[in-house]
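Input: a single structure, listed below in structure tokens.
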Amino acid sequence: MGEPRPTQVDALAVGSNAALVIECKFTEPGGKCSQTAKSRSGEAQCNGSYTDQVNPHSGMRSRCTLAGKGIRYWEFIPEVFSLNPAGDYAPCPFAGEAYQWMRNAVLAAAIGKHRNLQAAAIAAFADHPNFPTARKAKRSLIDPSLGHPAAITPISYQEIIDIARQVGLDQELWTKLSAWLDEKIARASSRSTKGVVTIE
């Protein structure tokens with residue numbers, strides 16, 4: 001993708017026909033683009049929109065500061081999200097937490113293209129109403145107007161365990177894992193209701 005620091009996914013599953021890029025969340029929210037953060041000089045490299053602009057640090061003109069640095073997200077975004085790379089979007093469609101989900105979705109598309117595989121991006125999360133990713137997954141992790149709704153597919157840890165129970169041989173293992181997960185969620189939820197959200 002041309003990134004100076006490659007996208008770090010939590011898990012990558014590759015088979016003979018398909019690949020899954022898996023991002024895992026517990027209580028923490030999704031990551032955001034750093035280009036709109038102000039530097040020590042008080043200037044941000046991006047104005048927060050996907051519009052023609054000049055990066056005040058480098059003098060590079062582009063719609064996306066990252067694209068101006070040679071990062072290739074917008075080579076895959078049109079296919080994954082049905083957005084016109086020559087269009088203007090204000091604010092940027094991947095402002096805020098949508099940025100991390102976009103990175104995972106385009107990485108899956110790039111891996112699929114490079115390896116000639118079907119590929120998908122998965123968001124695995126702990127399902128509890130106190131957790132931000134779980135709340136967003138119930139609505140949509142990315143604005144549904146941004147192309148295909150399956151750009152990134154959310155699935156809870158609880159659902160994963162239920163699937164494993166249906167096909168797994170070691171039922172005791174999955175029962176113990178389910179109990180451990182429930183306990184961990186209960187502890188984290190208790191802390192978050194007291195105003196402290198712990199990143200696990």
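Between the side chain of Arg63 and the backbone N or O of Gly87, at least one donor-acceptor pair lies under 3.5 Å. When atom types are taken as modelled, the side chain of Arg135 and the backbone of Asn130 share a donor-acceptor pair closer than 3.5 angstrom. At distances below 3.5 Å, not a single donor-acceptor pair connects side-chain atoms of Thr133 with backbone N or O atoms of Phe125. With hydrogens and angles ignored, the 3.5 Å screen pairs no side-chain donor or acceptor of Gln171 with any backbone N or O of Leu169. No donor-acceptor pair under 3.5 Å is formed between the side chain of Glu23 and the backbone N or O of Val21. Looking at Ser49, its side chain never comes within 3.5 Å of a backbone N or O of Thr51 through a donor-acceptor pair.
Applying the salt bridge (charged side-chain N to carboxylate O under 4.0 Å, His left out) test to residues at least two apart or on different chains, the pairs with a partner in residues 100-119 are Glu3-Arg103. For residues 151-181, no residue pair satisfies the ring pair (Phe, Tyr, Trp, His ring centres under 6.0 Å) rule, not counting sequence neighbours.
Here the OG1-CH2 distance, from Thr153 to Trp101, works out to 11.5 Å after rounding to the nearest 0.5 Å. Between atom CG of residue Leu107 and atom CG of residue Leu12 there is a gap of 7.5 Å, rounded to the nearest 0.5 Å. Atom SG of Cys46 and atom CD of Gln53 lie 4.0 Å apart (nearest 0.5 Å). Between the CD1 atom in Ile22 and the CG atom in Asp10 there is a gap of 9.0 Å [rounded to 0.5 Å]. Going from atom OG of Ser34 over to atom CD of Gln45 covers 7.0 Å, rounded to the nearest 0.5 Å. Separating the CD1 atom in Ile71 from the CZ atom in Arg5 is a distance of 10.5 Å, to the nearest 0.5 Å.
Considering all non-hydrogen atoms of both residues, Pro132 and Pro29 come closest at CG-N, 4.2 Å. Across all their heavy atoms, Ala121 and Ala151 have their closest contact at CB-O, 3.7 Å. Looking at every heavy atom in both residues, Asn17 comes nearest to Leu117 through C-CD2, 3.5 Å.
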Gln158 and Asp127: CA distance, side-chain angles, deciding distance, side-chain hydrogen bond (donor to acceptor under 3.5 Å, both in side chains) verdict: CA-CA 7 Å; Gln158 294 95 322; Asp127 192 3; 5.3 Å; no
Determine, stepwise, if the pair Asn55 / Thr65 fulfils side-chain hydrogen bond (donor to acceptor under 3.5 Å, both in side chains). CA-CA 7 Å; Asn55 181 336; Thr65 301; 4.8 Å; no
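Residues forming a ring pair (Phe, Tyr, Trp, His ring centres under 6.0 Å) with Tyr50 (at least two apart in sequence, or on another chain): Trp74, Tyr89.
Taking the six-membered ring for Trp, Phe81 and Phe94 have ring centres closer than 6.0 Å.
Considering only heavy atoms from C-beta on, Phe131 stays 4.5 Å or farther from Lys25 through its side chain. Within the 4.5 Å cutoff, side-chain heavy atoms of Arg165 are placed close to those of Thr175. Looking at Thr7 and Val106, their side chains never come closer than 4.5 Å, going by heavy atoms from C-beta outward.
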